[in-house]
Amino acid sequence: MNVLDLAHPAEEVAPKLLGAVLTHETSEGTVSIAITETEAYSGAADPASHAYRGRTPRNAVMFGPAGHMYVYRSHGLHWCANIVTGTDGIASAVLVRAGRVVEGEDLARERRGAKVEGPRLARGPGNLCRALGITAEHNGTDLLAGAPVTLSEGEPVSEGLIRIGPRVGVSKAHDWQHRFYLAGDPTVSAYRLSPRAKPSAGA
DNA sequence: TCAATGATGGGCT
DNA sequence: GCCCATCATTGAA
C-alpha cells in the first residue's frame with residue numbers, strides 16, 4: 001500500500017515524510033493528517049535526542065525497527081509522536097511537528113475542544129496528537145501494519161517547497177538544520193528557541 | 001529515594 | 001512577549 005522507505009537515517013527520511021498522511025481510526029471516526037513539518041532526531045550523535053544517553057525504557061521504541069511510532073509525554077500535558085526510522089538496533093526517529101487535517105475535521109475539532117479550527121488544528125506536536133487522538137497507548141504501534149494508526153503516502157510534494165531550518169524548542173543542538181517544512185504552509189509552527197537553550201551550543 | 005528537567009501550548013500582560 | 005501548568009523520566013545521593 002505504500003512504498004515509504006523508512007529504513008534510512010532520520011535526517012534523510014524526515015523531508016520525505018512531508019506530505020505523507022497519518023490516519024487514526026477509532027470507534028468515533030477517522031482523522032487523517034497530511035504532514036507539513038518534521039524534525040529529525042538520531043541517537044548517540046544527537047545531544048537533543050531522547051536516545052542520546054543510550055537506551056532506556058522510555059526511548060526503547062526509537063531503537064526498534066522502522067515504521068513504529070514513538071510517543072512520549074512532554075511537560076506533563078502534551079503527547080508528541082515520532083516515526084521511527086533507520087535500522088533495528090540504532091536510535092533514529094522523526095518528530096511529527098505539524099500537519100493539515102484532510103479527513104475528519106469535525107472530530108479533530110471536537111478533540112481540540114472547539115475554538116480551534118483550520119490550520120491550527122494540528123499545528124505543533126502536542127496539538128497534532130490531540131487532533132489525531134494519539135496517546136501513550138499508541139507507543140510502539142506499527143504504522144505499517146494497518147489499523148488503528150497508519151502511515152501512508154499522500155499527494156506528492158514538490159521538492160521546491162521543502163525548507164530546512166533549525167529545530168524548534170530544543171535546549172541542545174538547537175541550530176542543527178534538522179527541521180523540514182513546507183514553505184508558506186499555515187500549519188507550520190513558528191520558530192521558537194528553547195528558553196533553556198545554551199547560549200553557545202555547538203555546530 | 002529525591003530533585004531537576006523538558007522535542008509544549010495557552011492565556012495573560 | 002512572558003509566564004505557568006503538570007508529570008514521567010532521569011541521574012545523582
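Protein chains get the first letters and strands the later ones, always in sequence-line order, with residue 1 at the start of each. Both backbone and side-chain heavy atoms feed into the values below; hydrogens, waters and symmetry mates do not.
- Applying the 4.0 Å criterion to OP1 and OP2 of B:dG6, one finds that A:S74 has every side-chain N and O outside that range.
- At the heavy-atom level, A:R120 lies nowhere under 4.0 Å from the strands shown.
- Just one of A:V94, A:V84, A:V13 meets the side-chain contact (heavy atoms from CB on, under 4.5 Å) condition when paired with A:L6; it is A:V13.
- Residues A:L18 and A:I164 share a hydrophobic cluster, clusters being chains of Ile/Leu/Val/Met/Phe/Trp/Tyr side chains in contact below 4.5 Å.
- Taking only distance into account, the side chain of A:Y72 meets the base of B:dA7 through a donor-acceptor pair shorter than 3.5 Å.
- A:R97 and A:E39 are joined by a salt bridge, as a carboxylate oxygen and a charged side-chain nitrogen come within less than 4.0 angstrom of each other.
- Phosphate proximity of B:dA7 to A:H50: present, with a side-chain N or O under 4.0 Å from OP1 or OP2.
- One finds no side-chain N or O of A:R167 lying less than 4.0 angstrom from the OP1 or OP2 phosphate oxygen of B:dT8.
- Separating the NE2 atom of A:H78 from the P atom of B:dA7 is a distance of 13 Å, rounded to the nearest angstrom.
- A sub-4.0 Å separation between OP1 or OP2 of B:dG6 and a side-chain N or O of A:S171 is present.
- Regarding A:H75, its NE2 atom lies at a distance of 15 Å from the P atom of C:dA8, rounded to whole Å.
- Rounded to whole angstrom, the span from the CG atom of A:L128 across to the C1' atom of B:dG9 amounts to 14 Å.
- The phosphate of C:dA8 has neither OP1 nor OP2 within less than 4.0 Å of any side-chain N or O from A:R58.
- Neither OP1 nor OP2 of B:dA7 sits under 4.0 Å from any side-chain N or O of A:N59.
- Counting to the nearest Å, the P atom of B:dA7 and the CZ atom of A:R53 are 11 Å from each other.
- When only modelled atom types and interatomic distance are considered, A:S49 and A:S42 share no side-chain donor-acceptor pair under 3.5 Å.
- Remark: C1' of B:dA7 and CG of A:N82 are 8 Å apart, rounded to the nearest angstrom.
- Atom NE2 in A:H174 sits roughly 17 Å away from atom C1' in B:dT8 (whole-Å rounding).
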